[in-house]
Amino acid sequence: MKQIHSTMAGTVFNITVQEGEEVTAGQTVMILESMKMEIPVEAETAGKIAKIDAQIGDFVNEGDVLVTFE
């Protein structure tokens, strides 16, 4: 399974996709907020989202799984 991991610590500000959705490489799947900045999290490859592992308002650390692909 492919996963998207957080590259930094921050709070999940917005989720722009849903489970079961097909995404393309480079598509924003989530936005993190850190130090009053909004940082987009993009899919590195195309695929179908199996699970969203973080919810809006969750604090995530660097390396935490944010999204899992089928």
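Numbers for residues simply follow the sequence, beginning at 1.
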So [Y] and [X], do their side chains get closer than 4.5 Å, heavy atoms only?
{"X": "Ile52", "Y": "Ile15", "value": "yes"}
{"X": "Val29", "Y": "Leu66", "value": "no"}
{"X": "Met30", "Y": "Val12", "value": "yes"}
{"X": "His5", "Y": "Asp64", "value": "no"}

Is Leu32 reachable from Val17 through a run of I, L, V, M, F, W or Y residues, each pair having side-chain heavy atoms under 4.5 Å apart?
yes
Who are the side chain to side chain contact (heavy atoms under 4.5 Å, CB included) partners of Ala46, not counting sequence neighbours?
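Side chain to side chain contact (heavy atoms under 4.5 Å, CB included) list for Ala46, sorted by chain: empty.
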Under the side chain to side chain contact (heavy atoms under 4.5 Å, CB included) test, residues paired with Gln18 that sit two or more places apart
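Only Glu21 meet the side chain to side chain contact (heavy atoms under 4.5 Å, CB included) criterion with Gln18.
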Clusters formed by hydrophobic residues whose side-chain heavy atoms approach within less than 4.5 Å: which one holds Ile31, and what are its other members?
Phe13
Measure across Ile4 and Glu42 and return the closest heavy-atom pair with its distance rounded to 0.1 Å.
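So the two residues come closest at CD1-O, 4.2 Å.
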Between Phe69 and Ala50, the two heavy atoms sitting closest are C-CB, 3.9 Å
Between OG1 on residue Thr11 and CD1 on residue Ile56, distance to nearest 0.5 Å:
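So the OG1 of Thr11 and the CD1 of Ile56 are separated by 12.0 Å.
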Pairs where residues 52-62 contributes a residue and the test salt bridge (Lys or Arg N to Asp or Glu O under 4.0 Å) is met, not counting sequence neighbours:
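Checked against salt bridge (Lys or Arg N to Asp or Glu O under 4.0 Å) - neighbours excluded - the pairs reaching residues 52-62 are Lys51-Asp53.
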Who pairs with Lys48 by salt bridge (charged side-chain N to carboxylate O under 4.0 Å, His left out), at least two apart in sequence or on another chain?
none
Does any pair with a residue in residues 27-36 pass side chain to side chain donor-acceptor pair (under 3.5 Å), and if so which ones, sequence neighbours excluded?
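Listed once each, the pairs would be none.
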Identified side-chain contact (heavy atoms from CB on, under 4.5 Å) counterpart of Met8 within the set Val41, Ile39, Val60
Ile39
